[in-house]
Structures are given as C-alpha cells and as structure tokens.
Undergrad: 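Below is the structure I would like to discuss, written out as structure tokens.
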Amino acid sequence: MLFLAVAEQRDNQLKKTAFEVVCASSKLAGALGGEVVGLVIGGTVADIAPALGGYGAQRTVVVENEKLANYSTTAYAKVIAEVARQLNATHVMLSATAMGKDLAPRVAVRLDAGLAADCTALSVKDGVIVATCPVYAGKALIDVRVNSAVGVYTLRPNVFTAGLSNGTAATVEKMDIALEENDFSVVVKSTTQATGKLDVTEASIIVSGGRGLKGPENFAMIEELAGVLGAAVGASRAVVDAGWRPHDEQVGQTGKTVSPSLYIAVAISGAIQHLAGMSSSKYIVAINKDKDAPIFQVADYGMVGDAFEIVPALTQEFKKLLGK
Amino acid sequence: MKLVVCINHVPDTETKVKVGPDGKSIDTTGVNFVMNPYDEYAVEEALRLKEQHGGDVTAVSLGGDSHKETLRKALAMGVDAATLLNDGSTRDSFSIARALADAVKELSPDVLFFGKQSIDYDNAAIGNMVAELLGWPSIAVVVKLEVADGVVKAEREIEGGHEHVEARLPVVITAQKGGHEPRYPSLKGIMAAKNKPIAEKTPAAASNKVEVLEMRKPPAKSPGKIVGTGVDAVPELVRLLHEEAKVV
Ligand SMILES: Cc1cc2nc3c(=O)[nH]c(=O)nc-3n(C[C@H](O)[C@H](O)[C@H](O)COP(=O)(O)OP(=O)(O)OC[C@H]3O[C@@H](n4cnc5c(N)ncnc54)[C@H](O)[C@@H]3O)c2cc1C
Ligand SMILES: Nc1ncnc2c1ncn2[C@@H]1O[C@H](COP(=O)(O)O)[C@@H](O)[C@H]1O
C-alpha cells in the first residue's frame with residue numbers, strides 16, 4: 001500500500017495544506033501498514049521537498065522541469081498519474097484547494113480511480129478507508145468507500161491538522177516524466193494575487209460582515225478587526241450581490257464552505273444558505289442587534305448589540321490582549 | 001460555434017436536508033428541485049458566446065424524467081436543443097462523467113460548459129473528468145471568458161486571486177458565479193420552450209467506483225450562550241475566546 005501525497009507549492013513555497021495532506025496520509029499509512037511518498041512538482045523545487053519528512057513522508061519524489069514552473073492542469077495531472085503508476089500508488093492524496101480540485105478529477109480518470117472529494121475525516125474500518133465528505137454544503141455528511149484498485153482523495157484545507165515538524169528531512173528522488181507539447185494544452189499565463197490577501201478557505205480565523213453594516217465603507221472596521229487577528233474577511237451574499245465586496249469572499253451554499261477555528265459573523269442574519277457554508281466552524285461568534293436572529297442558533301458566543309459600537313471595542317480589546 | 005452545456009437538477013438552497021429511509025441519500029419528500037445555480041451561469045455564458053459568434057447551444061442532463069423541468073428552463077432561457085440521458089440510477093461522478101462524455105462526443109462542441117460544482121454532492125469534479133475523458137483542455141472555476149480565433153482566454157478563481165489561462169478549442173469551461181448574471185427566461189421564451197422537443201437517450205449502465213455507506217446529519221450545534229449586550233460584554237467575549245475556546 002502506497003500513499004502518494006501531492007504537496008502543493010506556489011511560488012516555490014509549500015503550502016500549509018501540503019503538510020496537512022502528508023500528515024493525514026501518514027496516519028492512514030500507519031493504521032494500514034503502508035508507505036507515504038511526498039510529491040512536489042514545479043520549476044525548481046527540489047530544495048523545498050525535504051521539509052515533508054518532518055510530517056511523515058520520509059521519501060519524496062520531485063518532478064522538476066522549467067515548463068512546469070507555470071501551473072498547467074493537463075501537464076500536472078499527467079505527472080501525478082505517471083508517478084502514481086511508477087510507484088504503484090494505491091492512494092493519491094491532494095488538498096481540496098483550487099489546484100487540487102482542478103487536478104483530482106483528471107488524475108482519477110487517468111488512473112481509472114474513484115474520487116472522494118473534499119473529505120473532512122478519514123478513518124480506517126475493517127482494513128479499508130472510510131472518507132467523510134460534507135454534502136449539501138454541510139447540511140449532511142456522507143461516509144464513502146472507494147472500491148476501485150486506486151483511490152483519489154482531496155482533503156479540505158484547515159481540517160486535518162499538520163502539527164509541528166519533528167525535524168526529519170525526507171530523501172529526495174528526482175523523477176523524469178516525459179512531457180510533450182500537447183500536455184501543455186492549458187497554461188496559466190499570469191496570476192493576479194491581491195497582495196497579502198488571505199482566502200477564506202485557508203484562514204483559521206474569519207471575520208464576516210453582512211448587510212447590517214449598511215455600506216461598503218463600513219467594512220473598514222471589519223478589515224481592521226481581521227488585521228489584528230490575522231484573519232480573512234468574509235461576506236454574506238447580500239453584500240456581495242450589492243457589490244460591496246468581491247464574490248470570492250462570499251461564504252455559504254453558493255459561495256465558499258469554510259471550517260475555520262473561529263468565525264465571527266457581524267450583522268449577518270444567518271439565512272440557511274449562509275449557515276450551510278460556515279456552521280462547521282469550530283467556534284462561532286455572532287454580533288447582531290436582533291436577539292432573535294437565526295445566527296444565534298449556531299453561535300457559541302452571542303453578542304447582542306450594535307456592530308458599530310461592538311466591533312471597534314472588540315478590535316481594541318484584542319489589540320490589548322495580543323500586545324499590538 | 002457549437003456549444004453544449006451540461007446541467008444538473010438539484011434540491012434548491014432553501015432545502016432542509018433530511019436523511020431518507022435508505023440512510024444513504026436525502027428524503028426528497030416536499031423538496032423543490034431547480035437548475036443547479038452554477039449551471040445557470042454556464043448557460044448564460046454559452047448563450048453569450050452564441051450571441052457573439054453565432055451557432056447553437058444544446059443542453060444535456062443525465063437523470064430521471066424530473067430533469068426535463070430543468071432542461072425546459074434552459075430552453076426557456078434561450079438554449080436551442082435539449083437532450084435527456086434518461087437514467088434514474090445512483091451514479092458516482094466518474095460514472096456520470098463517462099455518460100456525459102459519450103453523449104457530448106457525438107455533438108462535438110467547440111466549447112463545452114459545466115457549472116463549477118453541483119450543490120448537492122459538492123464534488124466539483126465532473127467538468128474536468130469529462131475533459132480528461134475527451135482528452136481536452138479545461139479551465140475550471142471561470143469568472144471571465146473570451147473566445148477569438150480558436151483560442152479561449154479565461155480568468156479562473158484561485159485562493160486570494162485569479163489565474164489568467166489560455167487554451168485552444170475545443171475546451172471545457174466550468175462556470176463560477178462572478179461573470180454575467182444569468183438571464184431570467186422571458187415569457188416568450190417560456191412559451192417557445194413548451195414546444196421544443198427534448199431528445200431522450202439511454203446512457204450506458206452505471207458502474208460506480210465510489211460507494212456511499214451512510215448519510216447522516218452533522219452533530220447539531222447546540223445554541224451557545226449570549227455573552228452579553230453591547231460594548232460592556234466585549235472584555236468577557238475576549239476572555240472566553242482566549243481562555244475557554246483558546247482560539248485567539
Ligand atoms: C439560491 C440562493 C443562494 C444563496 N446563497 C447564499 C450564500 O452562499 N451565502 C449567503 O450568505 N447567502 C446566500 N443566499 C442569500 C440568503 O438567503 C440571505 O439573503 C443572505 O445571506 C442575507 O445576508 P445578510 O445576513 O447579510 O443580510 P440580512 O438578512 O439583511 O441581515 C442583516 C442582519 O444585520 C443585522 N443588523 C442590522 N444592523 C445592525 C447593526 N447596526 N449591528 C448589528 N447587527 C445589525 C440585522 O439584525 C440582520 O440580522 C442565497 C439565496 C438564494 C436564493
Ligand atoms: N446529472 C448531471 N447531468 C448533467 N450535468 C451534470 C450532472 N451532474 C453534474 N453535472 C455537471 O457537472 C458540474 C459539476 O458537478 P459535480 O462534479 O457533481 O459537482 C455541474 O455543475 C453540471 O454542469
């Protein structure tokens with residue numbers, strides 16, 4: 001049994017989710033008696049691979065090629081599938097990030113494998129892996145089993161904890177995968193990244209604002225609170241539809257499903273579609289002037305009152321606590 | 001330009017999910033089904049390409065007879081033709097993708113649209129699976145799209161930003177909210193849709209690789225406590241988050 005843990009990098013830096021995937025794979029490999037191999041793909045990435053050792057992948061494979069410096073769904077999918085084949089991998093593990101979700105379906109087809117998408121728990125029952133995946137935006141959970149010889153799994157970011165490195169450096173094995181021109185039928189020409197902007201799916205704290213904030217200018221106080229906490233800014237659909245915030249911040253059934261350790265909902269009523277996207281957060285704080293707002297039904301800590309008073313006070317209090 | 005959109009028929013977002021008697025799927029009693037919201041964006045982009053470049057749009061859905069309702073909606077929005085791959089069996093995403101790929105191959109579109117994700121099982125997989133089965137390029141989670149001279153330029157959403165991606169036709173596009181708002185069917189469109197035929201085909205039998213063992217509700221979140229009212233409660237909230245929840 002061999003787990004191929006695909007370690008995502010952007011700009012030659014391993015993402016936090018890469019360690020999560022390696023760690024989760026290593027737990028399963030431990031329970032089932034298998035090996036974990038980390039895979040890093042990119043332009044020149046060999047020197048970032050050893051770090052995976054501290055999270056449970058003693059062995060890594062690196063596929064480096066100048067042409068792979070820019071992400072290409074077709075070429076990356078081929079590389080993953082070819083490496084999986086050469087190593088006889090039985091389980092291919094990826095993060096359910098933009099890149100992982102783009103690749104996993106292609107890798108599954110190439111390996112004639114079943115795909116368990118966006119898993120939030122993985123356990124072993126009677127010698128097989130049972131994957132738990134939220135469906136209907138988290139209104140229900142399903143347990144699934146992959147019955148094909150190879151299985152592909154994507155793991156929701158932020159749910160599987162990576163813990164701390166134990167300091168072991170992994171061995172690095174460079175592998176050459178033949179790539180032709182038509183393997184690059186899709187290429188990323190450029191990337192625009194809001195500088196320093198943390199995405200809601202990757203943040204461990206989210207501060208979200210709703211229509212009760214009355215206008216886009218009032219999100220300044222949400223951003224300030226988020227800044228102090230190192231949090232991402234989220235939004236309800238009402239404010240996205242009103243054009244106050246970009247839609248990539250929308251949380252909910254037709255936005256992003258998030259599971260941070262802390263979700264602070266400010267002036268959000270808690271419509272069923274919004275709750276679907278955030279109720280699996282570990283802790284929820286609701287700030288709302290209406291004590292009967294449905295958001296309080298899922299909140300661990302409720303604050304009844306005017307957001308325009310509470311949020312600035314909260315920011316000050318956190319600043320004090322965190323010495324900022 | 002030949003355009004095809006794959007659309008799914010799903011419980012609307014208001015649905016309060018209950019687990020059905022089989023313990024593996026939802027109880028559909030009283031549930032209202034609609035066109036998958038992301039597929040509305042896909043239909044809109046397809047119609048816009050047709051308006052710019054000429055050609056025609058075909059909508060394809062795999063499912064039971066009830067899927068005709070969603071195909072009718074697509075026709076009412078302005079799609080030219082509709083095909084139902086009539087099959088009520090339980091299928092995993094691979095098995096749906098294979099059936100769609102077979103059907104689409106015959107239609108040989110220049111651009112093949114999907115929604116980025118069905119809001120039932122939230123797999124976000126079928127578009128890229130079909131692309132791989134067909135050996136085509138794909139651009140997923142697209143918020144902006146431009147087609148000229150056999151080349152598609154698109155912007156796709158990633159964490160905290162966008163990728164600007166290029167590919168040659170034929171291509172698979174999966175649509176994300178953020179592009180054009182889907183149009184409402186006009187009264188004229190609704191009337192016209194009533195008379196348009198829906199072609200029916202039988203797809204190859206399902207062969208699933210993923211098996212659902214159990215569906216359940218997530219552990220109910222018990223409503224927590226109201227920490228207090230107004231600014232006076234702020235220090236207590238911060239203390240609880242720091243000392244009790246230990247998240248800050
Ligand atoms: C197909 C479909 C899909 C949808 N998908 C999503 C989705 O993905 N995500 C999503 O969020 N919504 C979604 N919705 C919309 C959803 O139904 C709600 O309309 C939306 O979430 C409401 O946003 P809101 O809570 O910001 O606004 P409102 O419901 O208007 O709530 C505003 C809240 O602010 C409070 N408030 C007002 N002033 C203050 C103040 N000074 N201080 C404190 N509190 C104050 C009010 O008491 C109220 O509770 C969807 C709807 C449909 C039909
Ligand atoms: N039964 C179906 N019939 C036609 N298209 C489908 C079907 N299921 C899913 N799709 C398409 O595939 C996309 C992604 O679905 P999924 O991978 O299930 O999240 C949807 O947005 C639809 O465009």
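Protein chains get the first letters and strands the later ones, always in sequence-line order, with residue 1 at the start of each.
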Undergrad: Which region of A/V240, side chain (C-beta onward) or backbone (N, CA, C, O), has a non-hydrogen atom less than 4.5 Å from a non-hydrogen atom of chain B, or is it both or neither?
TA: side chain
Undergrad: Tell me, side chain or backbone of B/L237 under 4.5 Å from chain A's heavy atoms, or both, or neither?
TA: side chain
Undergrad: A/K256 versus chain B, heavy atoms under 4.5 Å apart: side chain, backbone, both or neither?
TA: side chain
Undergrad: Can you say whether A/I272 sits under 4.5 Å from chain B via the side chain, the backbone, both, or neither, judging by heavy atoms?
TA: side chain
Undergrad: Before we go on, tell me: are the rings of A/Y263 and A/Y283 under 6.0 Å apart, centre to centre?
TA: no
Undergrad: Going by distance alone, is a donor N or O of one side chain under 3.5 Å from an acceptor N or O of the other, for A/H247 and B/E157?
TA: yes
Undergrad: On the ring face of B/Y41, is B/K177 found with NZ or CZ under 6.0 Å from the centre and within 45° of the axis?
TA: no
Undergrad: Between B/E45 (side chain) and B/V143 (backbone), is there a donor-acceptor pair under 3.5 Å?
TA: no
Undergrad: Against chain A, work out which of B/V10, B/V165, B/T174, B/L133 has the most heavy-atom pairs shorter than 4.5 Å and name it.
TA: B/V165
Undergrad: Are any non-hydrogen side-chain atoms of B/L100 and B/L85 less than 4.5 angstrom apart?
TA: yes
Undergrad: Is it the side chain or the backbone of B/Q176 that comes within 4.5 Å of chain A heavy atoms, both, or neither?
TA: side chain
Undergrad: Look only at the side chain of A/N182 and the backbone of A/S185, and say whether a donor-acceptor pair between them is shorter than 3.5 Å.
TA: no
Undergrad: Mind ranking B/E211, B/R98, B/M129 by heavy-atom pairs under 4.5 Å with chain A and telling me who comes out on top?
TA: B/E211
Undergrad: Just checking, any donor-acceptor pair under 3.5 angstrom between side chains of A/T191 and B/E163?
TA: no
Undergrad: For B/E244, does the CD atom sit with more than 12 other heavy atoms under 6.0 Å from it, leaving out its own atoms?
TA: yes
Undergrad: Counting only heavy atoms closer than 4.5 Å, note whether B/V141 contacts chain A via side chain, backbone, both or neither.
TA: neither
Undergrad: Counting heavy-atom pairs under 4.5 Å to chain B, which of A/A108, A/A271, A/A104, A/S190 comes out on top?
TA: A/S190
Undergrad: Hey, which of B/V130, B/V19, B/I26 has the most heavy atom pairs under 4.5 Å with chain A?
TA: B/I26
Undergrad: Which answer fits B/R156, side chain, backbone, both or neither, if we ask what part of it has an atom under 4.5 Å from a heavy atom of chain A?
TA: side chain
Undergrad: Could you look at B/P37 and say if it's the side chain, the backbone, both or neither that has a heavy atom under 4.5 Å from chain A?
TA: side chain
Undergrad: Kindly say whether B/E159 contributes a backbone atom to a donor-acceptor pair with the side chain of A/D248 at under 3.5 angstrom?
TA: no
Undergrad: A/P134, A/S148, A/G305: which one forms the most heavy-atom pairs within less than 4.5 Å of chain B?
TA: A/S148
Undergrad: With a 4.5 angstrom heavy-atom cut-off, is it the side chain or the backbone of A/Q297 that approaches chain B, or both, or neither?
TA: both
Undergrad: Could you look at B/A131 and say if it's the side chain, the backbone, both or neither that has a heavy atom under 4.5 Å from chain A?
TA: both
Undergrad: Heavy-atom distances under 4.5 Å only: say whether B/H242 touches chain A with side chain, backbone, both or neither.
TA: side chain
